[in-house]
Amino acid sequence: MRLSYPGNVKVVKVPCTGRVDVLLILRAFESGVDGVYLAGCLEGECHFLRGNLRARRRVEYVKGLLEEVGLGGNRVEMFNMSASQGQRFAQFAQEMTERIRLLGPSPVKKGE
Amino acid sequence: MKTNSVIEKVLEQGGFVVTSECGPPRGADPEVVRRKGELLRGVVDGVNVTDNQTSVVRMSSLSACAILKGMGLEPILQMVCRDRNRIALQSDLLGAAALGINNVLCLSGDHQKFGDHPQGKNVYDIDSVQLIQTVARLRDEGKFLGGDEVKGRPMLFVGAAANPFADPFEIRAARLGKKVKAGCEFIQTQCIYNVERFTRWMEMVCERGLHERCGILAGVTPFKTAGMANYMKKNVPGMDVPDDMIARMKGVAKEKQAEEGIKICVETIERLREIPGVRGIHIMAIEWEEKVAEIVKAAGLLPRPEIQ
Amino acid sequence: MIVGNRKDFSEILEKLGAARRVLLLGCNECVTVCGVGGEREVGVLASELRLYWTKEGETFEVREHTLERQCDYEYIDQIRGFADDYDVILSMACGAGVQYVAEAYKTKLVLPAVNTTFLGVTIEQGMWSERCQGCGACILDMTGGICPIARCAKSLLNGPCGGSSEGKCEIDKETDCAWQLIVDRLKESGQMERYEEILPVKDWRTGRDGGPRRRVREDLKL
Amino acid sequence: MEFSDRATHSDRAKPIGAVMVVGGGIGGMQASLDLAESGFYVYLVDHSPTIGGVMSQLDKTFPTNDCAMCIMSPKLVDSGRHRNIRVITNAEVKEILGPPGSFEATIIRRPRYIRADKCTGCGECAKHCPVTAIDSYNEGMSRRAAVYLRYPQAIPKIFLIDREACIGCGLCERVCLAGAVDYGDRESEEKISVGSVILAPGFEVFDAKRRPEFGYGVFPNVITSIELERILSATGPHRSHLLRPSDGAIPERIAFIQCVGSRDAKCGNDYCSSVCCMYAVKEAIIAKEHVPFVKPTIFNMDIRAYGKGFDAYYERAKADYDVRFIKSMVSKVREKQGSGNLLVAYLNEEGKASEEEFDLVVLSLGMTTSKSVRDTAARLGVKLNRFGFCETETFTPLATSREGIYVCGAFQSPKDIPETVAQASGAAAAAAEMIASARGTLTTKKEYPPEDEVKPEEEARIGVFICHCGINIGGVVNVPAVKEYARTLPNVVHADENLYTCSQDTQEKIKNAVKEHGLNRVIVASCSPRTHEPMFRETIREAGLNKFLFEMANIRDQCSWVHMRRKAEATEKAKLLVRMAVANARLNRSLSETEVPVVQRGLVIGGGVAGMTAALRLAEQGFEVFLVEKEDRLGGNLLNLHYTIEGGDVQAFLRDLIDRVSHSSIHILLNSLVVDFSGVRGNFTTGVTTAPAMVHQKIQHGITILATGAEEEKPDGYLYGEDARVLTQLELEDRLYKGDWGQISNLSPEVVMIQCVGSRNEKHPSCSRTCCATAVKNALKLKKLNPAMNIRILYRDVRTYGFLETYYAQARREGIIFVRYDPEESPEVKKEGETLMISFEDKILKERMTLRPDLIVLSSASIPRENKELANLLKVPRTAEGFFLEAHMKLRPVDFASDGIYVAGSGHAPKLISESISQAYAAVARACTILSKENLLVGGIVAVVEGERCAACLTCVRVCPYEVPVVNVKGEAEIDIIKCKGCGTCAAECPARAIDLMHFTTGQLEAKVGALVGG
C-alpha cells in the first residue's frame, strides 16, 4: 500500500510475535529504544494459532516491569493487524510514535 | 447427671432448652457484659459467650463467663481452636470449671482472615472434634492429652456447633456423628431459615440416632432489616436464606422490617419445635439481646423451668 | 517443587541499598520450573536493575549467573572465582538456597530476591498450588490423598468446618475446601467409612514445631 | 455417457513424461511449476519474447492490492530457473501430431537476433541503440530502443531486436561485449516430444476502437483500462504519476465505462468478461490512493463482485474511497472543445438522459482471444466456442475437444488471476494424470554443489547487495551512499548495488561475488523477504553456501515506499536497516535440513463433487487415497441438484462419478468423522471414527485435501417456513425435477424470485456467486414448462459472469423480468388471509409494486458446512464467514498456509460444479508436488533445546501450539524438527532459556535490536 509512516519506526522481523520474549523487549529498552510495539496477527488468526495471544500477555507483563523501574508501561504495546492491513500498520506506527513523543525520550539512553 | 449444667438438666427432664448469646465487649468494661446478661435473665437456660467471634479481639470468653456466673446466670463457654494450642486450651478448661462454669462449646473458630488481625498466625493445634475429645477425656478419664492424671476433673457439659447447611451436605450428619462419638452432649446449630432443608438434616441425624445421644438445639437469628437478610445470604458462608424470606423482608416498609424479622423468627421457632429430635432453641440475636425476651415470649417458651 | 514469588522491585532496590555491584544468582531447579528464579527471571531482574540504574545515572555492574542448584555446596562453589567481585549476591533461589549461599560466602552480603511460599504443584501453565507443609508425619492414607494440614485453612484433621460452601473454603471463593475434596475422593474411592473415624490429635514433633529438622541416612554417608 | 476426462490410456504404450505448456502467463507458469515439481519435464512455450503474460503489466491486484509484479516475480524466476522447465519464447506451436501420451509438437521459433546463449542481459545494446520505438509493454505510452527487454524483471533476461523498428546501424553489435547480436538469425523449427499439452495462451483485450462512440483513439483523454494500469505502475510511462495524456495534468474526475466489448451482442461479445468490474474498482481505489482528490465514477450495469472477498472490496470502495457507482450504460463520449475534457452521455436508471463532464475516461475493456491463438487452436484441432474461447464441457472443464490437450485460464473463459492459477494447477493435474506412469522419466534432480562448511567460529565475510528496485528504492534512497556505508560495517568485505537484484543476471553476479570474495554471508537489501527470500537463498546455495547464511534487509517496503518524501531520512534508515541485517547475518549459522520420507498416500475429507474428484484424480495418478465422508453416502450437494444451466444431467454425472470412485486405490469411509490430526506435510496421521460401531482408525498420509463443501442456508424471513409457497431455489429445483406443483392451478402463474437472501448483508458480506445463475437456470426451466408464467427476479446486481451471461440474455429475451432493488428497500412479503403478497420498489416506474405471487423463490446464501472443529483440528484458518482461508488470495488459491493441506470446492467459497471440479484437480496437482517425492527436506528454522540447561519444567510442552516438545528419557525437553513449525513460542518462554529458535536466536534478535540503536 506504500502508506507513509514515521521513519523512526524500525522493524525487527520475527516468525511470530510468540517468539518475542519479555527479555528481548527489556533488552531493547536497555539498548536505548524509546518504545517497543509488537505487530501481531489479528487475534484468532495467528498463523501459529496463539502466538499473538501469548505475546499480548507478555506485553502486559512487561508494562508492569517498566512501571516498576520507572520507564512507564505505555512505552510498550501490542497491536494486531493482518498482513493485508497496511493501513493499520501505518496507523499504529503513527499512534505509537505520537504516544512516545508525548512521553519523551527514554531516560535510558546509552552514551548520551 | 454428669455435671451441674442447667442445659443438661433441662434436657434430662425432657424440657425444651432455650439458649442465647452474649458477645463480650471490645474493651475491659464488665458492665457491658452485665447489662447484656440482665436482658437474658429468666428468659433463657444458658448464655453462650463467644470466643473472639469472627476473629475480632474481644474480652476473653472465660472472663465474661465468670462475670455472668457471678450474676447467677448459666454461661456456656465458647472455645475456638484458632488461638490456643492444646496446653492453653486444657488450662482454660480447668480454669473454667474452677470458676463454676458448667458448659463448654467446642468450635473450630472463624479464620482470622476476616478479623481485625488478619496478619496473625493461627494455631489449630487440635480441631473442634479433638477439643470435644479433650474435654471428655479430662472429665471422664481424668487424663490430660499428654496422658498425665488430672487432679480435680473439670465437670463440664460438652457442646459443639453444627451447620446443617454447610457443604458437603451428605456428610453433615456423619460429621455430627463424629462429634457425638467424640463426646459431644449438646449441639447448637447455625441459624436456620430454610426449615425444609433443616428438616432433611434432622431426618439424617435421627436416622443415626444422634438425637438420642445428644441434645440438638436449633439456631435462629432474627433479621433486623431486609439488607441484613440479603447480606447473610450472599456473604456468610454456609448460610441458606430462602429467597421468599428475603422477599418477605423487602415487602415491608423499612421501619417495619425489624418487627417482620422478629415475626419470621418466631414463626421459624414454632416450625422448628415441631421437628422430631429438636430439643431446644438457640437464639443468636446479634447485638440485639434486648429482643430475645420478646422472641422467647412470643414463641410461648416462657416461663423457663426452674432448675435447682 | 518449592514455589516462590519474586519480591517487588522496590523491595529489592531497598534491600540492595548502596550496593551497585550485584551478582544475580539463579537456580535451575524448582524456582526455574515455577518461573521465579531461573535463567530467564535472572535476566529479567538484571534488566530491570540495569534499566533503573541507567535511568538514575548510576554506575553499576550486574552479573547474571544461574547455578544448577543452590542447595548443594559443589554448585555454590562454582561462583567462588568471581563472587568477590561483587558487593552482594542477590539470590533468586528458595530460602534454602539463599541461606546455603550465605553459608558458603560468609563475608558476602547475600540477599533474597524471592519469597519462598510453599511446596506445591503446577495446576496449569503459570499457576501453582500448595500441597504439602512438610509436617513429617504423613496421614494422606487417611484423607483420600488430600492433605488437610496443607490445604485446609485451619488444618482441621476432622473437618470440614461450617465455613465450607459450594466446595469452597470460607477464606475465599478461589480456594477449594480441602475437606470437600477429601469427602469427594473418599466417596469416589468407596472409602466413606474412613470419614467416620476421628483422627487423633497430631503429634507435631515431627514437624517444624519439633525444632529445625535434619535427616541422616547412614548408609549414604561417606 | 462419459463425464470424466477423455483419457483412457491403459492400453497404450508408455507415455512420454513431458508436457508442453503453451502460454507463459501466470496460468502457464503455475501449471509448469506444478508439473515440474511433480516429476514431469515441461516445455513452456510463449509467443512473446518473455513469459509473464498480462499480469506482468498489471500494477496492483484485487482484492488485496498486492503489487502484481511483486507477487509474480518469484514465480517468474522459479519458472526461468527450474531445471525441469525449458522456457521457449518468441515461438508458436505449428502442429501437434501423434496420439495422446506421445505427441510430437513442432515449434516455430521466430528470430530474436540476439543469441540466448551469449546475451547476459546487461543492456549495453539498448543504451546505445539510436532508435526510439513504441513500447508495447507500456501500451504505447512510452518509448524504447529497437533492441529491448519487454520489462526489467523479464524472464528470460535476453534482449531481442525489433526488426521492424531496427535501422540496422550495427551499433548494438559493436557494443555487445558478449558478441550476442546476430542479425542473421532466422526462424527455426524444433520438434519436441510430449505426453500431454496444456493451452494457457490467455486473452487479448478488446479493441476499443470497435466502439467508436467512446472516442478511443480520437480523444486523447479516453484511455483503456490496461493503459491506466500502466500509468499507475511504478514501471509505467509516468513512473506511477497519474497524468492524463493530452496535457499531463492530473485528472480529477475520472469516469470508468464498464462492459466495453463485454455483454455486447453488437460486437458479438455477449458474454461477461468477469474481471472488469473488479479491476475498475481496483483502479479507482489505486488512483485515489495515488491522488487523494481524484473522484472516480464507475458507470456499470451490474457490479459483478462475485469472488471471495470481492464484495467487501466493493463496499470499501464506496465507503472509504468515495468511488461513485452509476447504474447506467454510457451512450456516447464527446470532447469538450478546448479543454480536453470529456462529456459523458448516459441514461440514468430512471431513464433520463444526462451528461457529465470528466477529465479522463477509462474504458474497461473486456477479454477476447487473439487471432493468433484462434489460429493455433485451429491448427491443433482444438474446438472453440462461438466467442473464440476454448470449448469445454461442464463436467470436464479442463479438457479440450482434443484428447490429451488441456486448457486453463482466460482462454477457457474470462477469469481472474486466482481462478486462472487454480485452473492452471487443475490442468496440470489432468495433464499429469495422462502420463502418470512416466513420472520422473524425463526430469533430472537438482544437484547442488557441495556445501562449503562455514564453522560457527569462522570469521564472517559478508557481502551486501543493495537493490535500486528500478526507482522503487533508488528513486528515494541514495543507494550508492548506503553501499559505501555498508562497506564500513564490521565483517562486510563486499558491497554492491543493482538495478534489480532479483533479475537472473544479478543472481549470477551474487554467485560470482561469493566465489571471488570468499563470502560466507550474503545480504540483499531490497524488498520483502516474503516474496524474494527463497530465490536469493537458492542463489547462495548454488554458490555453495548454506541457504540460511542469507539475510535480507527490506529497504523498500519498510523504507523507500513509506518514506518517499523524506529522502535523506530514508537513506539514513536504509543504512540502519543494513546495519541491523549485518549484525544479524554475522550470527547466521548454517542450518542443516534432513530428508524425511513422504507417505505417498492422500486423505480427502468430504465426499461431494470436489472430494470425489480429488480422490479419483489422486488415484488415477497412482496414489492411494482415503476419502472420508461424514454422511452415509457420497454426493454432497450434488444429491440435491438435477441439471446445470447448460443442460447437463447432474444425477447421471454423479452416478458415474460414484461409480468411478469405487476404485482399487480409494478407501471410502462413510459415516466417518476426523477426530484427531497431527503431523506435517509428507507425514500426517489422522484419526477417523466411523459410525455406528465408532471404529477408530489411524490413517497415515502425506497430504490432506479439505472438500467439506457448503450448503444452502435456510432463509430467515419472507415467510419462509411459514407458507408452503415460499421456497428456496434448491427446493424449487427439486419440485421442477419431480414435476410436483402443489396447489398452483393458475394458468399464468406469477413467480417472484428474490436474490441475495442472506448474502451481501452484515452477517454474511460476501456474494454467494452461484445464485444469480441458479435463478436464471430455474426461471428458464419454469418458462419452458409454462411459457405463460410471469417470472420476476428481484436482484441487486445480476452476476452471471463469463458465458453465464448468455443465459441471462436468453432469460430476458424470454420475457423474464429483472427488477433491481436496493438493500435498504428490500422486498416485503406478507400474507393477507391466504393470499401471498409481495411488494417492492420499481426503479423504472418509480413506484411501489405489489403482486400476489403463486410462488416466491428465495435465492438463499451458500454457507460453509460445519467445519469449525475440523479447522481447529487441522489448524487451518477460516474467513469471518467460516469459509476456509487459503494461503494467498491471488497466487495460492488452493493451498493453506500449512504445507501439505489443500482446499477444494465450495468449502473455500461458493462455486459452480465445473469450478469445484477444476479446483479439485488443482488441489490434486498441488498435492502431487509432495506425493510425487519420496523424501522431503525438514529442519532449518526450528527450535532446539540445549539439554544441559533444561530443567524439564514442561513449559515448552505446554505452550507449544502444535504439541511438539516432549520430555525424553534423559529428562530433557526434545523437539522433533520434523514437526516443529518454528514459531518460537517455546524459546520465548523457556524459564531456563534452554531453547532457542534457529535463525531467530536470542543472540541474533538482541544483536539486531542492539544495532538498531547503536551505530
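The chains referred to below are lettered A, B, ... by the order of the sequence lines, with proteins before strands, and numbering in each begins at 1.
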Chain A heavy atoms under 4.5 Å from [X]: which part of the residue, side chain, backbone, both or neither?
X: Glu569(D); answer: side chain
X: Ile941(D); answer: neither
X: Lys573(D); answer: side chain
X: Arg993(D); answer: side chain
X: Asp996(D); answer: side chain
X: Cys960(D); answer: backbone
X: Thr1002(D); answer: both
X: Val876(D); answer: neither

Heavy-atom pairs under 4.5 Å with chain D, option from Leu23(A), Val11(A), Val12(A) with the top count: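 Heavy-atom pairs under 4.5 Å are most numerous for Val11(A).
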Among Cys16(A), Ala28(A), Ala93(A), Gly7(A), which has the most heavy-atom pairs under 4.5 Å with chain D?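 Going by pairs under 4.5 Å, I would pick Gly7(A).
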For Val20(A), is it the side chain, the backbone, both or neither that has a heavy atom under 4.5 Å from a heavy atom of chain D?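 Contact with chain D is through the backbone of Val20(A) alone.
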The single option from Val942(D), Asn584(D), Asn588(D) passing side-chain contact (heavy atoms from CB on, under 4.5 Å) against His999(D):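 Of Val942(D), Asn584(D), Asn588(D), side-chain contact (heavy atoms from CB on, under 4.5 Å) with His999(D) is met by Asn588(D) alone.
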Classify the angle between the aromatic ring planes of Tyr313(D) and Phe62(D) as parallel (below 30°), tilted (30 to 60°) or perpendicular (above 60°).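 Rings of Tyr313(D) and Phe62(D): tilted, 30 to 60°.
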Hey, can you tell me if Phe79(A) and Tyr37(A) have their rings parallel, tilted or perpendicular (30° and 60° cut-offs)?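 Perpendicular: the ring planes of Phe79(A) and Tyr37(A) meet at over 60°.
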So does Glu869(D) have more than 12 non-hydrogen atoms from other groups sitting under 6.0 Å from CD?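 Open.
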Are more than 12 heavy atoms, taken from residues, nucleotides or ligands other than Lys979(D), located less than 6.0 Å from that residue's NZ atom?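 No, not enclosed.
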When you check the gap from the basic side-chain N to the acidic O, do [X] and [Y] get nearer than 4.0 Å?
X: Glu551(D); Y: Lys1008(D); answer: yes
X: Lys575(D); Y: Glu572(D); answer: yes
X: Arg54(A); Y: Asp21(A); answer: no

Against chain A, work out which of Val959(D), Asp557(D), Leu577(D) has the most heavy-atom pairs shorter than 4.5 Å and name it.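 The option with the most such pairs is Val959(D).
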